[in-house]
Amino acid sequence: EHKHLIFFGPPGTAKTMIAVKFATEELKKKSIMVNAGMLTSLKNPSGALKNIFEQKDAIIIFDEIESLLSLESLKHELLTCLQNGSGNKSPLVFATTNIPNIKDKFPSLCRPGRFNPVLVDALQNESDIKLFTDMILKEYNISLNKEAQEYLLTTLRNEKDITGAKIKNILLCAKELTNEINIIKQSSLNKIMMKIKTLLRKKESESPLLLTKESLIKALNFYSMNLQ
């Protein structure tokens with residue numbers, strides 16, 4: 001029987017965020033984020049991977065696991081750790097990937113005792129959009145007033161191919177515009193993009209910043225001109 005979960009689907013559908021949210025909020029576990037770049041930067045990548053599996057009380061999350069699977073030594077070590085850790089005392093493992101046919105591409109990954117594939121598709125309806133928006137607001141410590149929330153949902157409802165990445169960029173751009181009302185006049189596009197990238201990594205401790213409809217309108221206009 002499959003024990004672990006691999007979230008697969010197109011880019012921008014919040015696979016990583018869903019994995020982390022499920023681990024920390026639903027299962028009330030500490031999450032350990034792992035990626036190939038982190039492991040290959042170490043002196044003994046295979047040994048480090050083996051040590052990670054000693055964290056019995058945590059949930060291990062392999063982000064973009066296809067990068068790790070392209071490295072034969074790490075792929076072998078991962079499959080060995082999954083196979084050896086089949087008891088109740090072994091850590092639960094989540095993974096994410098953009099590969100649509102994960103069972104065909106890496107069949108050994110989806111054998112019994114390893115990963116159970118979970119499709120995370122594009123945002124299909126207003127309920128999906130609202131759920132993802134709420135996740136972003138909580139993750140980056142921002143909030144929307146009622147007018148701004150209604151405007152955002154109405155606008156996104158009429159868009160095609162809405163992705164989590166697009167919603168996240170719009171909200172973070174609106175946050176930056178709220179902090180610096182004249183940012184577009186004062187800063188180059190490159191500087192704005194760097195600010196957004198910084199926000200993607202930043203978790204703030206102060207009270208949530210309230211976004212207005214005006215800042216969302218500016219962010220949507222800015223996004224449509226520069227970020228698509």
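Note that the structure is a prediction, hence the values are computed from the model and not measured.
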When L39, V93, L78 are each screened for side chain to side chain contact (heavy atoms under 4.5 Å, CB included) with I52, the one that passes is L39
Considering residues at least two apart in sequence or located in another chain, which fulfil the side chain to side chain donor-acceptor pair (under 3.5 Å) criterion with K138?
E25
Quick one: does any side-chain atom of H4 pair with a main-chain N or O of F115 as donor and acceptor, under 3.5 Å?
no
Ignoring hydrogens, what is the shortest heavy-atom contact between I170 and L152? Give both atom names and the distance.
CG2-CD1, 4.5 Å
Can a donor-acceptor pair be found, under 3.5 Å and without considering hydrogens, that links the side chain of T13 to the backbone of G9?
no
Does the N101 side chain pair with the main chain of D104, one donor and one acceptor, at a distance under 3.5 Å?
no
Has the side chain of T96 got a donor or acceptor atom that lies under 3.5 Å from a matching backbone atom of E64?
yes
Could you tell me whether the side chain of K15 and the main chain of P10 form a donor-acceptor pair under 3.5 Å?
yes
Would K75 and S108 count as a side-chain contact (heavy atoms from CB on, under 4.5 Å) if you check the C-alpha gap in whole Å, the side-chain angles of each, and the deciding distance to 0.1 Å?
CA-CA 10 Å; K75 175 183 175 182; S108 61; 4.1 Å; yes
Smallest separation among heavy atoms of S46 and E77, with atom names
O-CG, 3.6 Å
Give the table of side-chain donor-acceptor pairs shorter than 3.5 Å for residues 30-37, with sequence neighbours excluded, one pair per line with atom names and distance.
residue	atom	partner	partner atom	Å
N35	OD1	G37	N	3.2
N35	OD1	M38	N	2.7

Begin with the C-alpha distance, continue with both residues' side-chain angles, and end with the deciding distance and a verdict on side-chain contact (heavy atoms from CB on, under 4.5 Å) for F106 and I99.
CA-CA 10 Å; F106 297 105; I99 296 177; 3.7 Å; yes
Quick check: does any side chain N or O of K29 sit under 3.5 Å from a backbone N or O of I60, one acting as donor and the other as acceptor?
no
Quick one: ring pair (Phe, Tyr, Trp, His ring centres under 6.0 Å) partners of F62, sequence neighbours excluded?
none
List the steps, then state whether side-chain contact (heavy atoms from CB on, under 4.5 Å) holds for N116 with I6.
CA-CA 6 Å; N116 184 31; I6 181 165; over 6 Å; no
Evaluate side-chain contact (heavy atoms from CB on, under 4.5 Å) for F7 paired with I18, printing each intermediate quantity in order.
CA-CA 9 Å; F7 299 89; I18 289 171; 4.2 Å; yes
Measuring from K168:NZ to M135:CE, what's the distance to the nearest 0.5 Å?
9.5 Å
First locate atom CZ of F8, then atom OG1 of T97, and finally report the distance between them rounded to the nearest 0.5 Å.
9.5 Å
For L74 and L68, the nearest pair of non-hydrogen atoms, with its separation, is O-CD2, 3.8 Å
